[in-house]
**Student:** 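Pasting in a structure now, in structure tokens, and then I'll have a few things to ask.
Every chain is numbered from 1, with letters handed out A, B, ... down the list of sequences.
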Amino acid sequence: MLEKDRQELRRALEAALLQAQAEGKLPAFSPPAFVLETPKEKEHGDLATNLALVSAGPARMAPRQVAEILREYLEQQPAVQELVGRIEIAGPGFINLFAREGWLARLFRAIETEGDRYGHSRADKPLRILLEYVSANPVGPMVVVNARAAAVGDCLANLYAALGHQVEREYYVNDAGHQADLFAASLNARYLQLAGRDVPFPEDGYPGEYVKEIAAEFLRSHPELVDLPEQERLAFFKIHGVDRMVELQQQELARFGVRFDRWFRERDLHRSGAVEDTLAYLRAQGALYDREGAVWFASTRWGDDKDRVVVKSDGSYTYLAADIAYHRDKYQRGYDRVIDIWGPDHHGYIGRMRAAVAALGYNPASFEVILLQLVTLLKDGQPVRMSKRAGEFVTLDELLDEVGKDAARFFFLMRSPSAHLDFDLDLARQQSEQNPVYYVQYAHARIASLFRQAEAAGVSLPRAAEVDAELLTEAEEVDLARKLAAFPEEVKLAGERQEPHRLTRYAMEVASLYHSFYAHHRILGSEPRLQAARLYLSHATRVVLRNCLTLLGVSAPEKM
RNA sequence: GCGCCUAUAGCUCAGGGGACAGAGCGCCGGCCUCCGGAGCCGGGUGCGCAGGUUCGAAUCCUGCUAGGCGCACCA
């Protein structure tokens with residue numbers, strides 16, 4: 001059943017309930033929440049609803065009796081008469097709808113018309129959404145958990161856009177804090193050491209090899225820094241060293257196919273006075289107070305566990321102070337929803353940030369945090385220790401060298417964001433030929449190959465209107481077509497629930513159904529009208545696979 | 001101590017209060033005159049424990065057990 005049919009039938013169900021109540025066949029109660037979905041078993045129809053089940057309680061009637069009454073009124077609905085061939089009541093009281101003949105032809109026409117937009121939809125209320133993710137400190141390369149955040153954030157942004165929202169992708173660069181100072185000091189030490197000076201490496205510095213490499217670059221391009229006073233040289237590295245690191249991070253992410261609309265610099269917040277302004281605003285609202293030489297944000301008034309320091313007793317700002325200013329900046333830009341993807345170690349931070357949003361006068365419900373669980377990387381069956389401070393980690397670049405962009409992205413998106421992810425490097429490398437991503441891509445390449453064959457034989461893809469879709473009656477054909485019809489519903493669910501892993505699973509299901517169809521039925525060389533119909537089914541599969549993979553950020557190859 | 005997350009097949013994980021609990025991997029066995037065998041077909045074991053709510057619970061509630069994480073004038 002097509003997605004727009006589902007929407008219409010949903011309204012028809014609501015109308016049927018209201019009419020039954022108006023005519024006294026059902027008692028008055030407010031319409032309950034119900035689902036109208038594509039059932040798992042095709043014996044349960046093309047769409048199934050639990051409306052009678054959930055109405056039974058408030059109606060104080062037996063579910064099947066409610067279902068019978070609803071069926072009577074459903075049959076009078078124009079949408080039902082147009083789209084539904086048969087209504088069954090089954091099990092405890094499900095109402096199962098079977099599509100009328102002709103639905104598949106309409107599906108083909110929809111796919112032809114919508115093309116690479118098939119699966120997309122128009123939100124009832126299009127929102128301006130700001131999605132911030134990755135936002136790793138600019139003190140080292142992208143590591144695996146950043147890669148997961150990049151894959152998830154990118155996919156979610158794609159999903160929001162596909163649902164008709166206006167979405168912007170943003171990366172917050174913490175280039176003004178303590179970590180940036182440490183990075184500058186590390187760079188400074190390496191620079192001087194490379195210049196032949198015997199200077200100690202800072203105790204808390206970043207020991208990675210990449211620091212030496214960047215230091216070497218600066219020694220070549222700016223040899224004169226050796227003669228600068230220490231403070232000036234450190235200031236130089238804090239700006240230009242961090243900038244260089246950001247460039248390298250951008251290159252790494254670009255290789256991963258992830259790009260941002262904006263790289264927001266914390267540095268700019270301080271320069272523009274936004275932090276002071278924000279604190280002044282909060283002060284004017286009575287949200288700040290002084291205690292023991294520090295300035296506190298009374299976040300408990302907005303539900304936080306305890307009040308938080310924003311200006312330390314030494315006069316410097318806490319990280320939170322800048323972050324509040326940052327989020328104020330976001331809201332001033334006019335977004336309807338502000339969504340951050342954070343690591344699980346930041347969950348204690350949500351309360352204070354939401355309190356800040358509220359204290360700033362914005363609706364705290366519009367601020368949303370997706371907590372992305374960590375990745376455990378396994379190598380030789382052992383967890384790989386990943387610590388920037390110890391200088392041991394697996395970078396995004398290394399991961400891409402090992403498993404490639406498509407496999408990495410697909411793997412990161414196979415799990416729910418809230419689920420911990422085990423990523424066995426050896427397994428991913430050794431079993432790459434049996435990776436789900438290859439299985440899906442293979443289905444796409446296979447269809448592309450099919451059409452190359454067809455082309456060579458002088459057979460071209462027919463217009464959807466010329467296809468006799470009713471010829472597709474084999475189980476494998478019908479199962480595949482039903483799955484293709486469910487794509488827009490899947491996209492909607494994945495986006496609304498912020499669960500990109502639904503798409504990877506869906507892609508695997510489509511690929512599996514296509515492979516099965518392909519193995520059981522001859523396409524080229526069958527009776528011409530059947531051949532045309534099967535070619536169109538193949539084409540439709542190709543469109544859905546491509547659109548799905550595009551949302552995931554995975555390529556859909558013509559050949560492998 | 002307080003709070004959050006998790007517990008489903010040998011392993012890694014899906015499961016929107018519903019109709020017989022699924023997938024991938026691994027394991028075993030079949031299938032290549034023929035559109036790509038990176039494929040197809042078949043094979044089996046499971047909801048941590050105990051209560052409760054409900055017509056109906058893997059799903060919601062309570063308690064317990066076992067893991068993980070967080071509770072900074074760090075970022």
**Student:** In whole angstrom, give me the gap between the C1' atoms of B/G26 and B/U12.
**Tutor:**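 The same atom, C1', in both gives a distance of 11 Å.
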**Student:** If we take the P atom in both B/C4 and B/U62, what is their distance in whole Å?
**Tutor:**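 Taking atom P in both B/C4 and B/U62, they lie 10 Å apart.
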**Student:** Counting Watson-Crick and G-U wobble pairs only, both distances under 3.5 Å, name the nucleotide matched with B/G39, or none.
**Tutor:**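 Pair assignment: B/G39 / B/C31.
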**Student:** Taking the minimum atom-to-atom distance to the side chain of A/Arg452, which one of B/G39, B/A19, B/G36 wins?
**Tutor:**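 Among the listed nucleotides, the one closest to the side chain of A/Arg452 is B/G36.
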**Student:** Taking syn as within 90° of 0 and anti otherwise, name the glycosidic form of B/C20.
**Tutor:**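 Base orientation relative to the sugar is anti.
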**Student:** Which atom names give the shortest non-hydrogen contact between A/Met1 and A/Val84, and what distance separates them?
**Tutor:**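 What the structure gives for the nearest pair is CE-CG2, 4.5 Å.
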**Student:** How close or far is atom P of B/A38 from atom NE2 of A/His444, stated in whole angstroms?
**Tutor:**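 After rounding, the reported distance stands at 18 Å.
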**Student:** Between A/Lys330 and A/Asp340, does any NZ, NE, NH1 or NH2 come within less than 4.0 Å of an OD or OE carboxylate oxygen?
**Tutor:**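 Salt bridge flag = yes for A/Lys330 with A/Asp340.
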**Student:** In whole Å, what separates the P atom of B/C60 from that of B/U6?
**Tutor:**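 Taking atom P in both B/C60 and B/U6, they lie 9 Å apart.
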**Student:** With ring pair (Phe, Tyr, Trp, His ring centres under 6.0 Å) as the test, would you mind laying out the steps for A/His44 and A/Phe94 before giving the verdict?
**Tutor:** CA-CA 9 Å; A/His44 299 150; A/Phe94 288 100; 7.3 Å; no
**Student:** Roughly how many Å is it from CZ in A/Phe410 to P in B/A14, rounded to a whole number?
**Tutor:**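 The distance from CZ of A/Phe410 to P of B/A14 comes to 14 Å, rounded to the nearest Å.
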**Student:** Taking CG from A/Leu374 and P from B/C13, how many angstroms apart are they, rounded to a whole number?
**Tutor:**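 That distance rounds to 13 Å.
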**Student:** Would A/Asp290 and A/Arg283 pass as an ion pair if we require N to O under 4.0 Å?
**Tutor:**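 So A/Asp290 pairs with A/Arg283 through a salt bridge.
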**Student:** Scan every strand shown for a Watson-Crick or G-U wobble partner of B/G22, both distances under 3.5 Å, and answer none if you come up empty.
**Tutor:**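 When the pairing criteria are applied, B/C13 turns out to be the nucleotide that pairs with B/G22.
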**Student:** Within a reach of under 6.0 Å around CG of A/Asp124, are more than 12 heavy atoms found that belong to other residues, nucleotides or ligands?
**Tutor:**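 12 or below, so no.
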**Student:** Hey, does the side-chain of A/His501 have a donor or acceptor N/O within less than 3.5 Å of a partner on the base of B/A23?
**Tutor:**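 By the distance-only test, no, there is no pair.
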**Student:** Paired with B/G56: which nucleotide, if any, by Watson-Crick or G-U wobble criteria at under 3.5 Å for both distances?
**Tutor:**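 B/G56 is paired with nothing.
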**Student:** How long is the line joining CZ of A/Arg505 and P of B/G24, in whole Å?
**Tutor:**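 The distance from CZ of A/Arg505 to P of B/G24 comes to 9 Å, rounded to the nearest Å.
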**Student:** Once you apply a heavy-atom cut-off of 4.0 Å, does A/Pro436 come out as touching a base, just sugar-phosphate, or nothing?
**Tutor:**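 Sugar-phosphate only.
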**Student:** Give A/His520 one of three labels, base, sugar-phosphate or nothing, depending on what nucleic acid heavy atoms sit under 4.0 Å from its own.
**Tutor:**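 Counting heavy atoms under 4.0 Å across all strands, the contact made by A/His520 is with sugar-phosphate only.
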**Student:** So, A/Gln179 versus A/Tyr206: side-chain donor-acceptor pair below 3.5 Å or not?
**Tutor:**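 Short answer, yes.
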**Student:** Of the nucleotides B/A38, B/G24, B/C41, which has the atom closest to the A/Met508 side chain?
**Tutor:**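 Given the options B/A38, B/G24, B/C41, the side chain of A/Met508 is closest to B/G24.
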**Student:** Under 4.0 Å, heavy atoms only, any strand: does A/Ser416 hit a base, just the sugar-phosphate, or nothing?
**Tutor:**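 Result for A/Ser416 = sugar-phosphate.
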**Student:** Which part of the nucleic acid, if any, lies within contact of A/His178, taking any heavy atom under 4.0 Å across all strands shown: a base, the sugar-phosphate backbone alone, or nothing?
**Tutor:**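 Sugar-phosphate only.
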**Student:** Whole angstrom is fine here: how far is it from OH in A/Tyr439 over to P in B/A38?
**Tutor:**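 Spelled out: OH on A/Tyr439 to P on B/A38 is 13 Å.
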**Student:** If I take atom CG in residue A/Leu421 and atom P in nucleotide B/U6, what distance separates them, rounded to the nearest angstrom?
**Tutor:**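 Result: 16 Å.
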**Student:** So what does A/Gln441 touch, heavy atoms closer than 4.0 Å: a base, only the sugar-phosphate, or nothing?
**Tutor:**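 Here A/Gln441 touches no strand at all.
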**Student:** Reckon A/Ala445 touches a base, only the sugar-phosphate, or nothing at all at heavy-atom distances under 4.0 Å?
**Tutor:**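 The answer is base, as A/Ala445 lies within the cut-off (heavy atoms under 4.0 Å) of a base atom.
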**Student:** I need the CD-P distance between A/Gln373 and B/C5, as an integer number of Å.
**Tutor:**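 That distance rounds to 10 Å.
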**Student:** Just do the ring pair (Phe, Tyr, Trp, His ring centres under 6.0 Å) check on A/Phe264 and A/Tyr171 with the steps written out, would you?
**Tutor:** CA-CA 6 Å; A/Phe264 194 103; A/Tyr171 189 118; over 10 Å; no
**Student:** Which nucleotide, B/C5, B/G16, B/G36, lies nearest any side-chain atom of A/Gln453?
**Tutor:**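 Minimum distance to the A/Gln453 side chain belongs to B/G36.
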**Student:** Which nucleotide, B/G39, B/A19, B/A75, lies nearest any side-chain atom of A/Tyr442?
**Tutor:**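 Between B/G39, B/A19, B/A75, the one nearest the side chain of A/Tyr442 would be B/G39.
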**Student:** Got a donor-acceptor pair under 3.5 Å from the side chain of A/Asn96 to the base of B/A19?
**Tutor:**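 Yes.
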**Student:** It should be established whether A/His521 places a side-chain nitrogen or oxygen under 4.0 Å from OP1 or OP2 of nucleotide B/C35.
**Tutor:**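 It does not, given that no N or O in the side chain of A/His521 lies less than 4.0 Å from OP1 or OP2 of B/C35.
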**Student:** Atom CD of A/Glu88 to atom C1' of B/A19: distance rounded to whole Å?
**Tutor:**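 Distance, rounded to whole Å: 13 Å.
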**Student:** Any idea which of B/C40, B/C73, B/C35 is nearest the A/Ala519 side chain?
**Tutor:**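 For A/Ala519, the side-chain atoms sit closest to B/C40.
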**Student:** Classify the nucleic acid contact of A/Ala419 as base, sugar-phosphate or nothing, counting any heavy atom under 4.0 Å across all strands shown.
**Tutor:**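 Sugar-phosphate, backbone atoms only, no base.
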**Student:** Starting the side chain at C-beta, find the nucleotide from B/G36, B/C41, B/C73 nearest to A/Ser516.
**Tutor:**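 Selected nucleotide (nearest to the side chain): B/C41.
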**Student:** Looking for any heavy atom pair under 4.0 Å, which part of the strands does A/Ala48 touch: base, sugar-phosphate only, or nothing?
**Tutor:**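 Since a base atom lies under 4.0 Å of A/Ala48, the category is base.
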**Student:** Which of these nucleotides, B/G16, B/C74, B/C13, is closest to any side-chain atom of A/Lys312?
**Tutor:**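 That would be B/C74.
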**Student:** Side chains of A/Leu70 and A/Leu26: does their closest heavy-atom pair fall under 4.5 Å?
**Tutor:**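 Yes. Closest side-chain heavy atoms under 4.5 Å.
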**Student:** Tell me the partner of B/G1, counting only Watson-Crick (N1-N3 plus N6-O4 or O6-N4) or G-U wobble (N1-O2 and O6-N3) with both under 3.5 Å; none if nothing fits.
**Tutor:**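 WC or wobble partner is B/C71.
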**Student:** Determine the Euclidean distance between corresponding P atoms of B/U8 and B/U59; express it in Å to zero decimal places.
**Tutor:**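 So the two P atoms sit 13 Å from each other.
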**Student:** Looking at the base of B/C20, is there any donor atom on it, or on the side chain of A/Glu41, that sits under 3.5 Å from an acceptor on the other one?
**Tutor:**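 For A/Glu41, whose side chain was compared with the base of B/C20, there is a donor-acceptor pair (under 3.5 Å).
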**Student:** Looking at the side chain of A/His347, which of B/C73, B/A38, B/C4 is the nearest nucleotide?
**Tutor:**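 So the side chain of A/His347 is nearest to B/C4.
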**Student:** Distance check, C1' atoms only: B/C13 and B/G46, in whole angstrom units.
**Tutor:**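 The answer is 13 Å between these two C1' atoms.
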**Student:** Just compare B/C73, B/G16, B/G36 and give me whichever is closest to any side-chain atom of A/Ser449.
**Tutor:**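 Given the options B/C73, B/G16, B/G36, the side chain of A/Ser449 is closest to B/G36.
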**Student:** Would you state whether a donor and an acceptor, one from the side chain of A/Ser313 and one from the base of B/C73, lie under 3.5 Å apart?
**Tutor:**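 Under the 3.5 Å cut-off, the side chain and the base do form a donor-acceptor pair.
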**Student:** Counting heavy atoms from C-beta on, name the nucleotide in B/C35, B/G16, B/C73 closest to the side chain of A/Thr318.
**Tutor:**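 The closest nucleotide is B/C73.
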**Student:** Could you work out the separation of B/G17 and B/C25 based on their P atoms and round it to a whole Å?
**Tutor:**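 Per the computed distance, 29 Å lies between those P atoms.
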**Student:** Nearest 0.5 Å please: distance from the CD atom of A/Glu477 over to the OH atom of A/Tyr514.
**Tutor:**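 Separation between the atoms: 11.0 Å.
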**Student:** Rounding to an integer number of angstrom, what distance separates B/A38 and B/U45 when you compare their C1' atoms?
**Tutor:**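 Taking atom C1' in both B/A38 and B/U45, they lie 29 Å apart.
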**Student:** Sticking with atom C1', work out how far B/A58 lies from B/G16, rounded to a whole angstrom.
**Tutor:**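 So the two C1' atoms sit 13 Å from each other.
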**Student:** My understanding is that a pair needs two contacts under 3.5 Å, Watson-Crick or G-U wobble. By that rule, which nucleotide pairs with B/C64?
**Tutor:**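 By the stated definition (distances under 3.5 Å), B/G48 pairs with B/C64.
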**Student:** Just checking A/Glu43: base, sugar-phosphate only, or nothing, at a heavy-atom cut-off of under 4.0 Å?
**Tutor:**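 It contacts nothing in the nucleic acid.
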**Student:** Looking only at side-chain N and O atoms, does A/Lys306 come under 4.0 Å of OP1 or OP2 in B/C2?
**Tutor:**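 No, outside the criterion.
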